[in-house]
Amino acid sequence: MTTQASYSLDQLSSFLAVVDEGSFSAAGRRLGRVQSAISYGIAQLESALGTRLFERDGRAPVLTDAGHRLSAEARLVLGQVRELAECAASLHAGVESELHVVVDSAYPSERLVEVCAAFRDQFPVTLLRLDVGLLNDPLEAVRSGAADFGVCNLAWTTPKDLAVAYLGSVRIVPVCAPHHPLATRPRPQRASALEQAIQIVHTERAPETRDQGVIAPRTWRVTDQALKLDLIRAGVGWGSLPRGLAAPFIARGELVELAPEVWRPGGHQLWIHAVMRKDRTLNRAGQWMREQLRLDDADMPRPPPPTRTRAPRSKRQAR
């Protein structure tokens with residue numbers, strides 16, 4: 001039967017101080033203790049572990065093979081103790097232990113990465129789960145309680161059962177590959193020309209709402225934005241992409257921006273909102289992230305949504 005070794009965190013700290021400083025006396029100065037107290041603590045630790053940690057034959061203590069291995073384990077133990085203390089302090093201060101956010105795929109990825117990097121530094125003990133959804137996906141995740149809040153394009157609707165905060169807008173532009181037949185069509189491209197080509201459409205997995213910006217009767221529908229981009233670049237069809245995603249490819253000549261006559265000049269604009277259940281309150285980490293996800297134009301008033309004719313029920317929410 002294996003018995004648990006009896007040693008203290010203080011003894012582990014003394015052990016690592018000797019490893020780092022190179023001597024018992026230097027470790028004592030670092031910890032504010034006399035050398036004899038450090039030596040006694042190391043001896044007690046060796047007895048508890050049943051192995052020698054240092055060779056003491058020379059002027060300076062030298063780690064044994066076992067000491068090398070156990071010093072790494074000791075650092076892990078003390079690191080976990082610090083994490084435990086930090087986590088407890090954060091929970092006491094009203095910081096979530098875990099935050100689950102569902103973000104619309106149209107939200108600028110560069111901005112999202114910047115916010116996540118800052119979140120790691122600001123709330124180091126909070127675990128973050130990020131899901132990327134489309135259109136109705138964030139709403140349903142929030143409604144079901146699976147997500148703390150969502151970031152989504154409300155598609156001209158205002159959910160009465162959720163709290164809503166405007167975050168800014170994202171422009172969507174129609175594009176095709178330079179070798180696609182639409183690339184040589186005069187601007188603006190007529191609807192009849194666009195309708196003859198396959199339109200690559202980003203759609204929900206469980207579609208419940210209407211289309212946005214869908215012109216062509218022949219559509220290929222995908223649930224992954226990266227796949228949509230690859231299909232458009234390959235010339236399979238044309239489609240609309242967030243300007244931030246499409247801009248580098250347009251600049252390199254790998255995509256051509258279209259100008260459908262039925263679209264506004266410059267493409268469509270999506271109004272991005274944060275949505276939360278009214279019966280839930282975000283703690284510090286959630287409040288901070290929601291605020292940081294605001295886009296550059298978030299301080300500008302949101303224009304009224306355009307009047308649109310409802311699409312047929314057979315159409316799916318897509319763009």
Side-chain angles (χ1 to χ4, degrees), residues 104-110 134-136 152-157 168-204 207 209-272 295-297 300 302-319:
D104 192 287
S105 61
Y107 189 90
S109 58
E110 290 186 1
L134 176 67
L135 302 163
N136 204 48
C152 60
N153 159 36
L154 291 179
W156 304 291
T157 64
S169 64
V170 174
R171 191 163 292 279
I172 303 295
V173 296
V175 292
C176 69
H179 56 278
H180 190 279
L182 287 175
T184 58
R185 289 274 185 170
R187 297 164 64 92
Q189 292 86 13
R190 294 185 177 182
S192 58
L194 294 163
E195 290 171 356
Q196 294 173 13
I198 293 173
Q199 183 174 356
I200 311 297
V201 178
H202 193 188
T203 188
E204 296 168 306
T209 42
R210 60 179 178 170
D211 284 344
Q212 295 182 70
V214 177
I215 298 174
R218 291 196 299 157
T219 59
W220 282 23
R221 295 176 183 261
V222 298
T223 58
D224 181 73
Q225 185 89 291
L227 177 59
K228 178 180 180 179
L229 171 61
D230 289 342
L231 289 171
I232 294 173
R233 292 178 63 200
V236 173
W238 69 277
S240 57
L241 295 170
R243 177 173 290 279
L245 176 61
F249 298 97
I250 295 173
R252 295 194 297 265
E254 298 175 20
L255 288 177
V256 175
E257 184 173 348
L258 301 174
E261 64 178 0
V262 295
W263 278 31
R264 300 174 179 176
H268 284 304
Q269 206 162 8
L270 302 181
W271 314 110
I272 305 298
L295 298 169
D296 292 340
D297 66 338
M300 300 175 61
R302 170 186 168 173
T307 302
R308 292 280 301 253
T309 301
R310 181 170 294 276
R313 287 185 179 273
S314 61
K315 289 281 191 177
R316 292 179 286 182
Q317 178 73 12
R319 55 175 176 250

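Here the side chains of Ile198 and Leu231 are not in contact, with every heavy-atom distance at 4.5 Å or above. Here the side chains of Ser240 and Val173 are not in contact, with every heavy-atom distance at 4.5 Å or above. No side-chain heavy atom of Ser169 sits under 4.5 Å from any side-chain heavy atom of Leu295. Between Glu254 and Pro178, every side-chain heavy-atom pair lies at or beyond the 4.5 Å cut-off. In this structure, the side chains of Arg243 and Ile172 stay at 4.5 Å or more apart for every pair of heavy atoms. Contact annotation: the side chain of Gln269 never approaches that of Val170 to less than 4.5 Å [non-hydrogen atoms, C-beta and beyond]. Counting only heavy atoms from C-beta outward, the side chains of Leu194 and Gln199 never approach each other to under 4.5 Å.
Between Trp263 and Trp238, the ring-plane angle classifies as perpendicular under the 30° and 60° cut-offs.
In this view, Glu261 satisfies the side chain to side chain donor-acceptor pair (under 3.5 Å) rule with no residue, not counting sequence neighbours.
Under the side-chain contact (heavy atoms from CB on, under 4.5 Å) test applied with Leu182, the options Val175, Leu258, Val256 reduce to a single match, Leu258. For the pairing with Val222, the side-chain contact (heavy atoms from CB on, under 4.5 Å) check across Val201, Leu227, Leu229 returns one residue only, Leu227.
Side-chain contact annotation: Arg190 with Ser192, donor-acceptor N/O pair under 3.5 Å absent.
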